[in-house]
Amino acid sequence: MKNEVIIRRMTLQDLDAVVDIEQKTFPRPWTRENYQYEIEQNVAARYLVAENRGNVVGYAGAWIIIDESHITNIAVDPQHRGQGIGRLLITGLLQYLSNLGAAYSTLEVRESNETAIALYKSLGFICVGRRKKYYEDNREDALIMVCDSLPEADPEFTEPETIHEDN
């Protein structure tokens, strides 16, 4: 399955699938309008999808400001979990963030989400703190994790939003 998965930038055409995965994954899911805003209006936001044979099977997103990035969300369709797609999404997102100038990335994760915590640790994230009663649905604490070992930026990377300074 992993060989057939491609990671690419999220588009408006992906939103139905993304919202479906979001609703299957989170007790307080983001709405289609939330994602549409992120794609169309939030200049700090970047979102990727994992696509398998033309179907979106996962997504991940982050905000980036100067050299700081914050992973806002990541989810894989329940039918496709345990196949390495989450790892592909995070490694792809970290590369993307590095290409955009990020020096490190942060995220919050439910303290009970042992699978996600293990994945993040395996990718170089460390736990640096806790947000007490962070999740509104059950008042669970969130662990704050940070990764400062992002991959080296691709010097050839560019995208339409890239700002070039003219000398």
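Heavy-atom basis, side chains included; hydrogens, waters and symmetry copies ignored.
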Looking only at heavy atoms, the pair that brings Leu15 and Arg32 closest together is CB-NH1, 3.4 Å
Can you see which heavy atom on Ala60 is nearest to which on Leu93, and at what distance?
CB-CD2, 3.9 Å
Under the rule for side-chain contact (heavy atoms from CB on, under 4.5 Å), what residues qualify as partners of Ser149, not counting sequence neighbours?
Cys147
All heavy atoms of Gly86 vs all of Ile74, minimum pair found to be O-CD1, 3.8 Å
Can Asp20 and Lys24 be counted as an ion pair, charged N to O under 4.0 angstrom?
yes
So, Thr115 versus Arg81: side-chain donor-acceptor pair below 3.5 Å or not?
no
When you look at Tyr96 and Asp154, which way does the side chain to side chain donor-acceptor pair (under 3.5 Å) test go after all the steps?
CA-CA 9 Å; Tyr96 191 24; Asp154 177 356; over 6 Å; no
Derivation of the side chain to side chain donor-acceptor pair (under 3.5 Å) call for Glu152 and Ser98:
CA-CA 7 Å; Glu152 188 173 325; Ser98 176; over 6 Å; no
Check this for me, if you would: do Glu111 and Arg130 make a salt bridge, where the nitrogen-to-carboxylate-oxygen distance has to be below 4.0 angstrom?
yes
Is the count of non-hydrogen atoms from other residues, nucleotides or ligands lying under 6.0 Å from Leu12 atom CG greater than 12?
yes
Indicate the atoms forming the closest heavy-atom contact of Thr31 with Asn34, along with that distance.
N-OD1, 2.7 Å
Honestly, is Arg110 close enough over Tyr135, meaning NZ or CZ under 6.0 Å from the six-membered ring centre and within 45° of the axis?
yes
Note: Arg9 and Val49 closest approach over all heavy atoms is O-CG2, 4.4 Å
Mind listing the closest non-hydrogen atom pair of Ile64 and Leu97 along with its distance?
CD1-O, 3.7 Å
Membership question, hydrophobic clusters at under 4.5 Å side-chain separation (ILVMFWY): are Leu100 and Tyr104 in the same one?
no
Does Lys133 come within less than 4.0 Å of Asp141, counting only side-chain N to carboxylate O?
no
Which is it for Trp30 and Glu38 under the side chain to side chain donor-acceptor pair (under 3.5 Å) test, yes or no, and what are the steps along the way?
CA-CA 11 Å; Trp30 282 18; Glu38 292 290 285; over 6 Å; no
Check whether Leu48 and Trp63 end up in the same hydrophobic cluster, where Ile, Leu, Val, Met, Phe, Trp and Tyr are linked by side-chain heavy atoms less than 4.5 Å apart.
no
Just checking Gln41: does its CD atom have more than 12 heavy atoms from other residues, nucleotides or ligands closer to it than 6.0 angstrom?
yes
After noting the C-alpha distance and the side-chain angles of Arg46 and Ser69, does the key distance pass the side chain to side chain donor-acceptor pair (under 3.5 Å) rule?
CA-CA 10 Å; Arg46 294 295 188 280; Ser69 63; over 6 Å; no
